[in-house]
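Treat the numbers as computed from the prediction; the structure is a model and nothing was measured.
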Amino acid sequence: SMEWITRVGEYRTLRGKRDQLGCALGRSEAARLAELERFFAACADPHRIPFVQRDQLRAAISLFVTFRTGEENCDGEARDVSGDGMFIATPRPLAPGKQTTIRVIDRYTGEEWRFAAEVVRAESHGMGLRLLGIPLALRLGHRGAPPHSPRRLAA
């Protein structure tokens with residue numbers, strides 16, 4: 001599941017760098033973006049009707065996530081993901097049109113990913129999200145595992 005989140009983070013970062021920031025991608029970045037675009041497109045249904053279905057099908061995953069509802073954090077479970085969105089199972093879905101930040105932490109490595117998202121569909125048991133723009137990885141979102149250091153006590 002974290003492998004998918006890593007791919008989504010790379011995909012959103014490279015697309016954002018190119019499309020939103022207007023930065024030219026280096027040769028290796030352009031090659032990686034092309035590889036990720038082929039990967040996500042290969043997940044799409046070849047018989048889909050373009051205006052009825054999304055361009056990328058979502059892969060089933062099961063990851064604990066948190067998301068913001070204004071001033072508080074709520075818990076949920078990411079049930080599926082694509083390069084452009086995800087479904088979060090939660091008893092407290094946000095209303096369509098609301099924006100939030102999804103936070104995913106790899107329980108084995110401590111790596112952290114944050115994605116800005118907009119609710120496009122709400123159900124009693126969860127919400128469908130469209131990922132927005134550049135993931136917070138370019139700004140502050142992706143964080144490697146924390147270094148092992150002794151805790152400091154506040155004076």
Which heavy-atom pair separates [X] from [Y] by the least distance, and what is that distance?
X	Y	answer
Ala122	Pro96	CB-CD, 3.8 Å
Ser82	Val8	O-CG2, 3.2 Å
Leu94	Arg68	CD1-O, 3.7 Å
Leu25	Leu14	CD2-O, 3.9 Å
Leu131	Gly83	CD1-O, 4.0 Å
Ile102	Phe67	CD1-CB, 3.6 Å

Interatomic distance, [X] atom [atom1] to [Y] atom [atom2] [nearest 0.5 angstrom]:
X	Y	atom1	atom2	value
Leu63	Asp80	CG	CG	11.5 Å
Leu21	Arg15	CG	CZ	13.0 Å
Met2	Trp4	CE	CH2	14.0 Å
Leu36	Arg38	CG	CZ	9.0 Å
Thr100	Phe115	OG1	CZ	13.0 Å

Any residue meeting side chain to side chain contact (heavy atoms under 4.5 Å, CB included) with Ile105, in chain and number order, not counting sequence neighbours: Arg103, Glu112
In chain order, what residues pass the side chain to side chain contact (heavy atoms under 4.5 Å, CB included) check against Gln20, with sequence neighbours excluded? Ile134
Show every salt bridge (Lys or Arg N to Asp or Glu O under 4.0 Å) that has at least one partner inside residues 26-36, sequence neighbours left out. Glu10-Arg32, Lys17-Glu29, Arg32-Glu35
Please identify each residue that fulfils side-chain hydrogen bond (donor to acceptor under 3.5 Å, both in side chains) with [X], with sequence neighbours left out.
X	answer
Asp106	Thr109
Glu77	Ser62, Arg79
Glu72	Arg92
Arg130	Glu118

For Val104 and Phe64, run side chain to side chain contact (heavy atoms under 4.5 Å, CB included): C-alpha distance rounded to whole Å, both residues' side-chain angles, the deciding distance at 0.1 Å, then the answer. CA-CA 7 Å; Val104 183; Phe64 175 79; over 6 Å; no
In chain order, what residues pass the salt bridge (Lys or Arg N to Asp or Glu O under 4.0 Å) check against Arg7, with sequence neighbours excluded? Glu3
Side chain to side chain contact (heavy atoms under 4.5 Å, CB included) between Val120 and Leu129: does it pass, once the steps are laid out? CA-CA 6 Å; Val120 294; Leu129 303 170; 6.0 Å; no
Can you tell me which residue pairs pass the ring-ring contact (aromatic ring centres under 6.0 Å, His included) test with a partner in residues 88-109, sequence neighbours excluded? none
Quick note, ring-ring contact (aromatic ring centres under 6.0 Å, His included) partners involving residues 76-96, not counting sequence neighbours, are Phe87-His125
Do the side chains of Ile5 and Phe39 join up, straight or via other hydrophobic residues, at under 4.5 Å, putting them in one cluster? yes
